[in-house]
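Structure in structure tokens, see below.
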Amino acid sequence: MRFDELKLEDAVLQGLDSMRFEETTPVQELTIPLILEGKDVIACAQTGTGKTAAYVLPVINELSKGIHPQNAINAVIMAPTRELAQQIDQQIEGFTYFVPVSAVAVYGGTDGIAWEQQKRGMEMGADIVVATPGRLLAHIKMGTTDLSNVSFFILDEADRMLDMGFFDDIMQIHRLLPPTCQVIMFSATMPPKIRKLAETILKEPEEVKIAISRPPETIMQTAYVCYDTQKLAILQCLFSESRPKRVIIFSSSKLKVKELSNTLKRMNFNVAAMHSDLEQAQREEVMKEFKNGHIDILVATDIVARGIDIDDIRLVVNFDIPHDPEDYVHRIGRTARGTGGEGLAITFISIDEQSGFQRIEQFLGKTIYKIPLPPEVGEGPAYEPEKHPYRGRRGRPRKDDRSQRPQGRASSKRRNPKKES
């Protein structure tokens, strides 16, 4: 379907035309008409499906008519991370070029000047506020934010927000909204906790379900079955064969990201770390340098896995496996952007992670090829996931993983990953 077949205002269509938006994606085709009709919506759609435009365009369209209050907050869009909030705000800026609709992004990790700018933007009545839950609540508690006129309340990546512990924050914010507010919720997955949230805050919602995407077949997926202590040596072998360029290495723990980044720096690799302990200015600088090619390797937590557009990634390495199969899809999908869908993804599987990786294979409906370990690394364990039950994020190292380490290698303690904020 073409955008000009939807009931969008001419000024909105003019903005889409200038951005060369012509054909809708499936989630846009199904969702935009429902939102324009004023219905609450719950949509299951992943990053990369065009979901941001699916909710932003109809909201901008309605606000452009001039029938909503002047100098008041008319829409609130919640996002789990500051990076996604920034990205949404940037898209709104493009879509509103020809319409008198204003927006402000509200997120933490900034200085006092940014706080005052965010505060002033909301006090002056920005039409759309794009915010992380904690930061918006902080402004609300200071008494500087009035949500009594909000007509649209949107939750993007709702499952991620609940995983990060924002349920109570979301409910506090929702209680401040008028009962007539239209609620729209997007989530990559639909676990019971999302259903419960939907039942609590949505009114007779329409459901839009886009099939959970699988990685493109053009992404070559491979894995090494190894001991924890062999992972760094395998990485060294990979990078000795070909100097790394445009590489993302994912780890589930901030501590491990910092340690691995420092180790690679000592090995004279051009590397930077990306995690939630960085200040906002630091994050922006790291992403800018990586996108510009001034950094070869980005070692990151899952903060980079969703909602961040980075093109031409040549290799994604899962230094350890993600908690959820869907996160695996998000991670390796970074290497299929702007490259015609082609890319390479390599996963390191320790003994404790074998059962978790089997869950990923079952989710994908395929067996991932296990590459033999380089001779200089030594022998690895057999791939026997049925013998090593999955213990989730907080599982302790198994005895056999410690006792079967190759002789002569230093042991390293396994730490519990911490939640990203």
Side-chain angles (χ1 to χ4, degrees), residues 40-43 47 51-52 55-56 59 73-92 103-110 114-115 117-119 121-123 126-178 181-191 193-202 254 275-280 283 301-308 418-421:
D40 283 10
V41 174
I42 177 171
T47 298
K51 63 182 175 60
T52 304
Y55 61 74
V56 163
V59 168
I73 299 173
N74 289 301
V76 173
I77 301 173
M78 307 300 303
T81 65
R82 64 194 81 174
E83 284 78 18
L84 182 56
Q86 285 178 311
Q87 188 170 304
I88 295 168
D89 183 53
Q90 289 167 2
Q91 287 209 32
I92 292 173
V104 62
V106 176
Y107 47 82
T110 55
W115 169 276
Q117 290 174 339
Q118 295 170 7
K119 173 185 171 185
M122 289 188 288
E123 286 179 336
D127 291 298
I128 304 173
V129 173
V130 186
T132 53
R135 188 67 158 194
L136 182 57
L137 265 184
H139 280 282
I140 290 171
K141 290 175 181 177
M142 293 292 290
T144 59
T145 304
D146 179 13
L147 303 183
S148 63
N149 291 297
V150 173
S151 297
F152 306 95
F153 183 54
I154 300 158
L155 303 178
D156 195 355
E157 295 196 2
D159 52 347
R160 182 97 183 272
M161 282 194 277
L162 296 194
D163 285 342
M164 293 170 69
F166 287 133
F167 179 84
D168 290 340
D169 291 353
I170 291 170
M171 294 309 299
Q172 283 187 59
I173 294 167
H174 181 261
R175 282 193 284 269
L176 298 174
L177 304 175
C181 181
Q182 183 178 358
V183 182
I184 301 150
M185 193 164 80
F186 278 77
S187 181
T189 59
M190 286 292 170
K193 59 188 176 183
I194 289 295
R195 294 286 181 187
K196 179 182 177 183
L197 177 62
E199 291 171 2
T200 305
I201 68 174
L202 273 69
K254 290 184 285 188
H275 50 78
S276 63
D277 281 349
L278 297 178
E279 295 294 329
Q280 180 61 23
R283 290 197 198 189
T301 56
D302 283 316
I303 197 169
V304 176
R306 294 201 202 190
I308 302 296
K418 297 178 183 178
K419 284 187 177 180
E420 288 291 306
S421 60

Can you confirm whether Arg160 sits close enough to Thr81 that some side-chain heavy atom of one is under 4.5 Å from a side-chain heavy atom of the other?
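Arg160 vs Thr81: side chains touch.
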
Would you say that Phe153 contacts Ile173 through its side chain, given a criterion of any heavy-atom pair below 4.5 Å between the two side chains?
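Answer yes - side chains close enough.
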
Any side-chain heavy atom of Leu155 within less than 4.5 Å of one from Ile201?
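Yes, close enough: below the 4.5 Å cut-off.
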
Going by heavy atoms in the side chains, are Thr145 and Val129 under 4.5 Å from each other?
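No, every pair of side-chain atoms sits at 4.5 Å or beyond.
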
Partners meeting ring-ring contact (aromatic ring centres under 6.0 Å, His included) with Tyr107 (sequence neighbours left out):
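Testing Tyr107 for ring-ring contact (aromatic ring centres under 6.0 Å, His included), a comparison that skips the adjacent residues, returns none.
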
Might you work through the side-chain contact (heavy atoms from CB on, under 4.5 Å) test for Met190 and Ile42, ending with a clear yes or no?
CA-CA 10 Å; Met190 286 292 170; Ile42 177 171; 3.4 Å; yes

Pair Lys193 + Asp163, salt bridge at N-O below 4.0 Å
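Between Asp163 and Lys193 there is a salt bridge, with a charged N closer than 4.0 Å to a carboxylate O.
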
Do the non-hydrogen side-chain atoms of Lys141 and Gln172 ever get within less than 4.5 Å of each other?
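Sidechains of Gln172 and Lys141: in contact.
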
Quick one: does Gln182's side chain get under 4.5 Å of Val59's, heavy atoms only?
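No, too far: nothing below the 4.5 Å cut-off.
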
side-chain contact (heavy atoms from CB on, under 4.5 Å) between Met171 and Leu197, worked out:
CA-CA 9 Å; Met171 294 309 299; Leu197 177 62; 3.9 Å; yes

Pairwise side-chain contact, Ile77 with Val56, heavy-atom cut-off 4.5 Å (strictly under)
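A side-chain contact under 4.5 Å exists here.
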
Are Arg135 and Gln118 packed together at the side-chain level, in the sense that at least one heavy-atom pair is separated by less than 4.5 angstrom?
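In short, these two side chains touch, coming nearer than 4.5 Å.
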
